[in-house]
Amino acid sequence: MGKFEVVSDETKNLFIDVHSKTNIPHWVEFEMLCNSKQKQLYKIMKLNDMVETITDGINFVIVVNEEIFNQLTEEQQRIAFDECLAGVHVSENEAVSLEKPDFSSYTGVLQKYGHDEIIVLHETVKSLFDKKKQEEDEKKAAGKGKRGRRSK
């Protein structure tokens with residue numbers, strides 16, 4: 001048995017069903033593999049342009065640990081695929097990318113404070129960093145404007 005195998009038809013069909021309910025255009029191509037030795041439930045990887053060309057347009061590879069995946073309820077499987085696809089982004093000019101997850105925490109912290117409080121914390125921190133970056137960008141833009149002028 002090799003490290004990677006093709007996923008079962010059941011897993012593939014469930015993925016197709018979940019994918020069809022997202023906003024991801026249907027021309028975005030996914031290949032699914034199974035690796036029951038990997039330590040994660042799933043791993044999604046964006047292929048580079050050269051590999052996309054060689055594979056006739058496959059944009060992403062999803063590797064699923066089916067040994068674990070098959071022990072989940074169908075609802076949990078759907079949630080996992082929905083989470084997997086959440087980072088897939090297609091820009092207005094049809095550039096395909098994979099965004100990093102915007103949230104991670106520890107089970108103990110979630111149990112202690114509840115997921116709503118932790119989500120609010122993470123969103124607050126994210127917006128503060130966004131605000132700081134915006135202020136720095138505005139300061140840089142203002143500084144560049146001053147350097148470009150000459151005194152008469």
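- Inter-residue side-chain proximity for T11 and N70 is flagged as met; some heavy-atom pair is nearer than 4.5 Å.
- Between V63 and M45 the shortest heavy-atom distance is CG2-CE, 3.5 Å.
- Heavy atoms of other residues, nucleotides or ligands lying less than 6.0 angstrom from CG of D137 number more than 12.
- Scanning both residues, N65 and S36, for their nearest heavy atoms gives ND2-O, 3.4 Å.
- Within 6.0 Å of atom NZ in K12, more than 12 heavy atoms from other residues, nucleotides or ligands are found, so the atom counts as buried in its surroundings.
- With a 6.0 Å radius and a threshold of 12 heavy atoms from other residues, nucleotides or ligands, N23 has its CG atom at or below the threshold.
- A side-chain donor from one of N59 and E52 sits under 3.5 Å from a side-chain acceptor of the other.
- Distance check: Q134 CD to K131 NZ gives 9.0 Å after rounding to the nearest 0.5 Å.
- Using a 4.5 Å heavy-atom cutoff, the side chains of V120 and Y113 are not in contact.
- Under a 3.5 Å cut-off, the side chain of E117 and the backbone N or O of G114 do not form any donor-acceptor pair.
- Distance alone, capped at 3.5 Å, places no donor-acceptor pair between the E94 side chain and the V90 backbone.
- In the hydrophobic clustering of this structure, L14 does not group with L33; members are Ile, Leu, Val, Met, Phe, Trp, Tyr whose side-chain heavy atoms approach within less than 4.5 Å, directly or through other members.
- F60 approaches S97 most closely through the heavy-atom pair CZ-O, 3.7 Å.
- Smallest separation of non-hydrogen atoms from E67 and Q71: O-NE2, 2.9 Å.
- When all heavy atoms of D82 and V18 are compared, the pair lying nearest together is N-CG1, 3.8 Å.
- Counting only N and O atoms by type, the side chains of E31 and T55 include no donor and acceptor under 3.5 Å apart.
- One finds a salt bridge joining E74 and R78 here, because a Lys/Arg side-chain nitrogen approaches an Asp/Glu carboxylate oxygen to under 4.0 Å.
- One finds no salt bridge joining E99 and K46 here, because no Lys/Arg side-chain nitrogen approaches an Asp/Glu carboxylate oxygen to under 4.0 Å.
- A pairwise comparison of heavy atoms in A80 and Y42 identifies O-CE2, 3.6 Å as the closest pair.
- The backbone N or O of S8 lies less than 3.5 Å from a partner atom in the side chain of E66, making a donor-acceptor pair.
- Between F81 and D17 the shortest side-chain heavy-atom distance does not fall below 4.5 Å.
- Annotation for H122: atom NE2 counts as buried by contact number, over 12 foreign heavy atoms lying within 6.0 Å.
- Using a 4.5 Å heavy-atom threshold, the side chains of V88 and T22 count as separate.
- The shortest side-chain heavy-atom distance between L85 and F30 falls under the 4.5 Å cut-off.
- Between atom NE2 of residue H26 and atom CD1 of residue I24 there is a gap of 9.5 Å, rounded to the nearest 0.5 Å.
- The salt bridge (Lys or Arg N to Asp or Glu O under 4.0 Å) test with D130 is passed by exactly one of K132, K126, K133: K126.
- At a threshold of 4.5 Å between side-chain heavy atoms, the hydrophobic network of Ile, Leu, Val, Met, Phe, Trp and Tyr places V51 and F4 in one connected group.
- At a threshold of 4.5 Å between non-hydrogen side-chain atoms, the residues C34 and V64 do not count as touching.
- In terms of hydrophobic clustering, with Ile, Leu, Val, Met, Phe, Trp and Tyr side chains grouped at heavy-atom distances under 4.5 Å, F69 and I62 are assigned to a common cluster.
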